[in-house]
Amino acid sequence: MSPAQSGTRENADSCTMVVFGASGDLTKRKLIPALYNLSVEQRLPAGFSLLGYGRSEISDEEFRRKMREAVKEFSRPRVENEPAWGSFAHGLYYLAGDYEESKGYLRLKEFLAKIDRERSNRGNRIFYLATPPDLYAPVIQRISAAGLAGKGARDAGWTRIVIEKPFGSDLESARALNRELHEVFDEEQVYRIDHYLGKETVQNILVFRFGNAVFEPIWNRRYVDHVQITAAESVGVEGRGGYYEKAGATRDMFQNHLLQLLCLTAMEPPISFAGDAVRDEKVKVLRSVRSIASQELAQVAVRGQYGQGLLGGQKVRAYREEPGVAPDSTTETYAAVKFFIDNWRWEGVPFYLRSGKRLPERVTEIAIQFRRPPLLLFNACPVEPVSPNVLRLRIQPDEGIALTFEVKSPGPDICVSSLSLDFNYQAAFGLSPPDAYETLLIDCIRGDSTLFTRHDWVELAWSLITPLLRGWESTLPNFSNYEAGTWGPEEADALIESDGRRWRRP
Ligand code: BG6
């Protein structure tokens with residue numbers, strides 16, 4: 001991820017990536033477009049190959065044709081470039097097989113040996129689990145039984161495994177999955193994906209914090225009043241009702257993306273930018289997050305589910321009317337939680353996190369609100385009191401950073417208004433940031449695990465989220481409690497307003 005590691009063919013070994021779940025959505029929407037763009041930018045190692053594994057009986061040619069369609073539909077530009085596509089497509093293969101039968105894995109082994117010969121890949125492999133999560137454990141076991149895991153084998157090329165979210169559905173299941181993995185792979189072979197960590201603006205949090213001397217001295221309880229982390233989405237469940245019913249906003253967004261943002265905002269400076277140094281600091285943050293006791297659940301956490309409403313002038317249906325969703329579903333499509341981090345830097349500073357579907361707009365941001373000046377001198381104009389400074393790290397859209405501050409309005413009296421100092425990625429660099437998957441895939445190919453989730457982080461995150469889920473499961477919610485197209489349930493406003501603060505309207 002650092003400039004020194006920036007992608008060139010020279011610093012990555014050639015390898016074959018086996019994608020389990022190759023006929024699924026993730027492969028065509030994210031993986032293939034990202035790899036294609038890396039190939040066009042000449043960042044993939046020469047000989048890089050992808051072997052799709054799935055249940056559909058299709059040929060290599062058919063797979064290549066489908067992937068070409070996918071690139072046309074989902075990739076950033078540069079799709080019409082025939083020679084570029086030809087050279088990328090040359091390394092695409094497909095093998096039909098069952099996920100739970102060993103026979104398929106023996107054929108896979110032979111196929112990989114053939115690709116190694118054809119493309120000189122020297123046995124380097126990445127297994128990518130893009131299947132439904134109930135197949136993770138069976139696939140891991142079959143990879144091992146076929147002798148493909150490469151654990152401890154130092155002379156046969158390297159082997160890595162990438163696992164998509166959800167990584168478990170609670171603490172227990174996450175621990176079980178970690179155990180399954182570690183029976184077969186060493187932790188350094190395992191790459192747990194959280195696509196938020198691949199976002200350019202998320203990585204920029206670290207550069208902003210540790211590449212500038214001016215903010216670090218005020219990045220603590222003495223100067224920061226509170227932090228708000230928002231991941232708002234205007235979309236509903238987009239045909240994923242079946243998955244979402246079991247997940248809900250807390251599993252889908254909090255356990256992974258939002259807690260990652262909290263860690264990057266709150267962590268101490270790492271001793272270096274290397275994988276475990278950064279990940280150690282993130283783990284320390286989660287260890288300091290105060291766990292939520294069941295008797296205080298109602299004071300620190302709110303859940304919601306959207307009913308019908310208006311979005312962009314269009315009427316949209318209620319969550320309970322979405323395909324695949326139970327008509328009496330108790331799944332939350334919105335959650336807001338107040339966390340405290342019990343360490344020297346953050347003692348007493350609330351971190352308010354919220355995320356929801358069918359909110360008025362799509363916006364993800366971290367807002368750090370500083371304390372007000374100790375003495376308010378300017379009250380000539382009988383308007384609002386001086387506003388506190390707010391630093392907004394805008395993750396998406398309009399990626400950038402903004403700092404609000406107070407200035408004197410022109411005129412004879414001392415009147416104060418708020419202005420903002422803005423940096424916008426697109427305007428500053430003239431290009432949109434690359435897709436998160438491009439960053440993460442090339443990091444995995446190079447063996448850089450900094451932006452991937454470690455086993456202890458994932459378990460700590462679940463240990464914070466699981467009591468919340470258990471508490472909610474024990475009571476029946478009063479859903480729906482917010483209209484689609486609004487900023488969530490009233491109780492969420494009460495959660496922050498009872499502390500004398502307000503949600504920011506991004
Ligand atoms: C995914 C969730 O992990 O993140 C989705 O499963 C959600 O429900 C998505 O929509 C949000 O990602 P992004 O990159 O659009 O903010």
Side-chain angles (χ1 to χ4, degrees), residues 21 24-27 29-31 33-34 74-76 128-133 136 162-169 174 191-205 229-262 264 303-306 311 316 319 322-325 329 331-335 353-366 393-400 425 432-441 451-453 458 461-462 465 469 484 488 506:
D25 243 27
L26 182 78
T27 309
R29 281 173 184 268
K30 293 290 179 189
L31 304 185
F74 299 111
S75 165
R76 294 197 282 143
Y128 198 116
L129 300 192
T131 62
Y136 292 168
V162 184
I163 305 193
E164 271 293 330
K165 66 169 276 246
F167 193 92
S169 55
Y191 289 69
R192 295 173 195 78
I193 283 230
D194 182 323
H195 79 280
Y196 262 57
L197 293 179
K199 290 181 192 278
E200 196 83 347
T201 37
V202 170
Q203 294 167 63
N204 194 37
I205 301 171
I229 302 181
T230 301
E233 295 186 279
S234 54
V235 292
V237 285
E238 296 181 293
R240 295 193 306 154
Y243 152 77
Y244 200 83
E245 274 286 87
K246 287 193 236 132
T250 319
R251 288 187 175 91
D252 191 47
M253 295 295 289
F254 273 66
Q255 181 274 332
N256 36 59
H257 313 323
L258 265 70
L259 285 182
Q260 289 285 2
L261 296 182
L262 175 135
L264 294 170
R303 58 181 158 162
Q305 187 192 78
Y306 64 83
L311 250 163
V316 295
Y319 175 68
E322 300 273 7
V325 171
S329 169
T331 299
E332 79 288 355
T333 59
Y334 175 99
L353 274 52
R354 63 177 165 162
S355 178
K357 298 230 182 249
R358 287 287 189 225
L359 301 186
E361 55 186 292
R362 173 178 184 248
V363 55
T364 303
E365 73 166 32
I366 301 168
L393 305 171
R394 181 68 84 101
I395 310 296
Q396 62 192 18
D398 307 328
E399 291 83 356
Y425 247 86
S432 331
D435 187 80
Y437 275 89
E438 291 176 36
T439 306
L440 294 173
L441 290 172
L451 299 178
F452 293 82
T453 308
V458 88
W462 277 119
I465 294 299
L469 296 169

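As the structure lists them, so they are numbered: ligands from 1, and atoms in each ligand from 1.
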message = Using a 4.0 Å cutoff against the non-hydrogen atoms of K357, which atoms of ligand 1 qualify?
response = 5 (C), 7 (C), 8 (O), 10 (O)
task = Just let me know how Q396 lines up against ligand 1, side chain, backbone, both or neither, with a heavy-atom cut-off below 4.0 Å.
result = side chain
ask   = Closest heavy-atom contact between T201 and G400?
value = CG2-N, 4.3 Å
inquiry  = Checking a contact table here: which protein heavy atom is nearest atom 6 (O) of ligand 1, and how many Å away?
reply    = D252 OD1, 2.6 Å
task = May I ask you to test the E399-E200 pair for a side-chain heavy-atom distance under 4.5 Å?
result = no
Rounded distance (nearest 0.5 Å) linking atom CG of D194 with atom CD1 of I163 = 13.5 Å
task = Pick whichever of H195, E233, R240 has a heavy atom sitting closest to atom 5 (C) of ligand 1.
result = R240
Element-labelled atoms of ligand 1 that are located less than 4.0 Å from some non-hydrogen atom of K165 = 1 (C), 2 (C), 3 (O), 6 (O)
request  = Check if E238 has a non-hydrogen atom at a distance under 4.0 Å from any atom of ligand 1.
outcome  = no
task = Check the pair L353 / L261 against side-chain contact (heavy atoms from CB on, under 4.5 Å), numbers first and verdict last.
result = CA-CA 10 Å; L353 274 52; L261 296 182; over 6 Å; no
message = Quick check: do Y128 and T27 have side-chain heavy atoms less than 4.5 Å from each other?
response = no
note = d(T364 OG1, Y196 OH) to nearest 0.5 Å is 3.5 Å
ask   = Looking at atom 14 (O) of ligand 1, what's its closest protein heavy atom, distance included?
value = K199 NZ, 2.6 Å
note = In this structure, atom 15 (O) of ligand 1 is nearest to the protein heavy atom R362 NH2, 3.3 Å
request  = Ignoring hydrogens and angles, state whether a donor on the side chain of Y136 or E164 is under 3.5 Å from an acceptor on the partner side chain.
outcome  = no
query = Where does Y244 meet ligand 1, judged by heavy-atom distances below 4.0 Å: at the side chain, the backbone, both, or neither?
reply = neither
